[in-house]
Amino acid sequence: MSEFDLLVVGGGINGAGIARDAAGRGLSVLLLERNDLAGATSSWSSKLIHGGLRYLEQYEFRLVGEALAEREVLLSIAGHLVWPARFVMPHVPELRPRWMIRIGLFLYDHLGRRATLPGSCSVRLDAPPYADGLGAGLRHGFEYSDCRVDDARLVIANVLDAQARGAEVRVRTELVSARRDGGGWLARVRDAAGAETEVRARAVVNAAGPWVKATLNDRLGQPSRDNVRLVKGSHIVVPRRYAGDHAFILQNDDRRVIFMIPYEEDFTLIGTTDEPFAGDPLRPEASAAEIDYLCRAANRYLAAPVTPREVCWHYAGVRPLYDDGTDDPSSITRDYTLRVDEVKGAAPVLSIFGGKITTYRVLAEHAMEKLKKYFPKQSRAWTAKAALPGSDFGGGSRIAARDAFYARYPGLPKTLLRTLFHRHGTRAAQVLGDARSNADLGEAFGADLTEREITYLRENEWARSAEDVLWRRTKAGLRLDAAAQARVTACIGR
């Protein structure tokens, strides 16, 4: 029977971050994910690393300050997956007065450490570069800094590093049950083939996201007064609506804000909604009403309205927020709560309620602090300075590392190389290996996705299905028709 210090249940961003942190401190770790890594909430986000400007109106100063500080950390350690961006807020006087926005942006500039990102400023919207795509009546606005992220690949990078530091990773493996036994946990797990085995662990981390309460109560047999509120956030993707790399944060007439973000070069991402959710968190769907809502909110600002018929893709994610008693889904805290349930002299379980992708790394540090008395020999916090796989630029810049990768493969198309570096960073050379021409890459499916990369994703990144490849490891599904996607499925089957 396998024995571990830590059993981490859930392969989303929080579980991945904790597994990485714990493995790097010298603990033996088993990470379980019953479906695919980042298969739920962690791949259906707004693709942002941000402080949460709107949370200032809810007086969430600690959360905003922590998130703003984490922007700088993630820019440093995940440079191939996190990119600086400027966000433009058109000013609509009847929604929020100018003085209120200025105060909010002043706080946003100063609540967290800001070493590399420029501060906020006023801008004109009736002149380049911001006039493109906007309605003629918009003249004034504000600009500030935040970051964009490839959320699913950020999860993969953390799991890759956890594995490299000794963690065992089992995908398509479900926690059936667990009970305290002899000072530890005895857990029964079931793999994709239905085979059940037992493992032992000194402690359990319950990072099951929307299933955190069910896992705690039903799988671990641990009663708890803490509750989780499930809130659905939906997004739509439409053909690109404006030129430039900047994003927009748009005030809606219900005082919510939505983002309009350049996405995968040819598209614009618009989101998100906040709807109470009571269905299956694994398969949430953006409703027709939510799609209409997002179109209407964007159309308050766009010169050429977007319609539901133009939506190329839509997705929804379920946020597992800590139940703080707030009625309005938009006002429920986005802060996280770490709860340790223990019996005197017996093994603990730490459960994660809430959280956001921006603060996953510092959440993992706090989780390890909570577990320190159970693992007093663990080493110190280390993740703030250690680059994630793919972002180890050898002391140089991302651009220098990218150009060196380009120079290594002069016989391959620049568009392909750019796509691979965007996804894999310095690990892109492991994808290509000794390839020298397109003929070395096997079948080409379109959208710069090749048989060689799919083989790499299967062998190194736990991809098992076309959905894993097309919508999480890559976003090639946006550009591939049904026939091409069927060929991807056939390739994986081979």
Side-chain angles (χ1 to χ4, degrees), residues 4-19 21-22 27 29-35 37 39-42 170 173-190 196 198-231 276-282 317-325 332-356 359-360 363-364 366-375:
F4 302 89
D5 291 323
L6 205 60
L7 169 61
V8 180
V9 181
I13 188 61
N14 290 330
I18 291 171
D21 194 327
L27 275 64
V29 177
L30 171 62
L31 175 62
L32 294 183
E33 169 52 51
R34 68 174 181 170
N35 294 300
L37 299 168
T41 305
S42 295
R170 300 187 193 178
T173 303
E174 181 177 10
L175 175 69
V176 178
S177 64
R179 60 181 175 85
R180 290 184 172 96
D181 178 73
W185 286 92
L186 181 63
R188 180 168 290 276
V189 301
R190 182 189 299 126
E196 293 190 3
E198 289 186 333
V199 298
R200 289 189 177 276
R202 293 172 59 193
V204 173
V205 170
N206 175 13
W211 299 274
V212 60
K213 178 73 170 177
T215 298
L216 187 61
N217 295 163
D218 302 337
R219 306 299 172 97
L220 298 169
Q222 182 69 51
S224 173
R225 293 190 299 270
D226 295 301
N227 286 309
V228 65
R229 290 276 294 278
L230 301 183
V231 176
F277 186 77
D280 181 2
L282 188 61
V318 177
R319 308 181 190 101
L321 305 180
Y322 184 74
D323 190 353
D324 60 2
I332 301 172
T333 181
R334 266 52 175 180
D335 209 345
Y336 52 84
T337 295
L338 306 180
R339 189 73 74 220
V340 177
D341 290 289
E342 56 189 342
V343 177
K344 187 174 182 180
V349 53
L350 184 150
S351 296
I352 300 164
F353 294 85
K356 48 187 286 187
T359 53
Y360 87 89
L363 180 153
H366 291 161
M368 296 310 298
E369 290 170 9
K370 290 274 190 181
L371 294 172
K372 188 170 184 178
K373 72 176 183 178
Y374 305 101
F375 301 102

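Along the sequence shown, residues carry numbers from 1.
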Any chance the side chains of Asp226 and Tyr322 put a donor and an acceptor closer than 3.5 Å? yes

Would Val204 and Leu175 satisfy side-chain contact (heavy atoms from CB on, under 4.5 Å), going step by step from the backbone distance to the final call? CA-CA 11 Å; Val204 173; Leu175 175 69; 5.7 Å; no

Please find the pair of heavy atoms, one from [X] and one from [Y], that lie closest to each other, and give the distance.
X      : Y      : value
Pro281 : Leu230 : CG-CD1, 4.1 Å
Ile352 : Ala207 : CD1-CB, 3.9 Å
Ala347 : Gly183 : CB-O, 3.7 Å
Pro348 : Val340 : CB-CG1, 4.0 Å
Gly39  : Leu282 : O-CD1, 4.5 Å
Asp181 : Arg179 : OD1-NH1, 3.3 Å

Could you tell me whether the side chain of [X] and the main chain of [Y] form a donor-acceptor pair under 3.5 Å?
X      : Y      : result
Asp323 : Arg229 : no
Lys213 : Phe353 : no
Thr41  : Val318 : yes
Asp341 : Leu350 : no

Checking Arg34 against Trp211: charged group under 6.0 Å from the ring centre and within 45 degrees of the axis?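 Yes, a cation-pi geometry.
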
Could you walk me through whether Met368 and Phe375 pass the side-chain contact (heavy atoms from CB on, under 4.5 Å) check? CA-CA 9 Å; Met368 296 310 298; Phe375 301 102; 5.6 Å; no

Tell me which one of Ile13, Ile18, Asp335 satisfies side-chain contact (heavy atoms from CB on, under 4.5 Å) with Leu363.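 Of all the options given, the one that passes is Ile18.
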
Within this structure, what is the [atom1]-[atom2] distance for the pair [X] and [Y], rounded to the nearest 0.5 Å?
X      : Y      : atom1 : atom2 : result
Arg339 : Asn206 : CZ    : CG    : 13.0 Å
Leu216 : Ser224 : CG    : OG    : 5.0 Å
Arg170 : Leu7   : CZ    : CG    : 9.0 Å
Arg180 : Trp185 : CZ    : CH2   : 4.0 Å
Leu37  : Ser42  : CG    : OG    : 10.0 Å
Asp5   : Leu27  : CG    : CG    : 4.5 Å

Answer yes or no: is there a side-chain heavy-atom contact under 4.5 Å between Leu371 and Val205?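 They are in contact (side-chain heavy atoms under 4.5 Å apart), so the answer is yes.
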
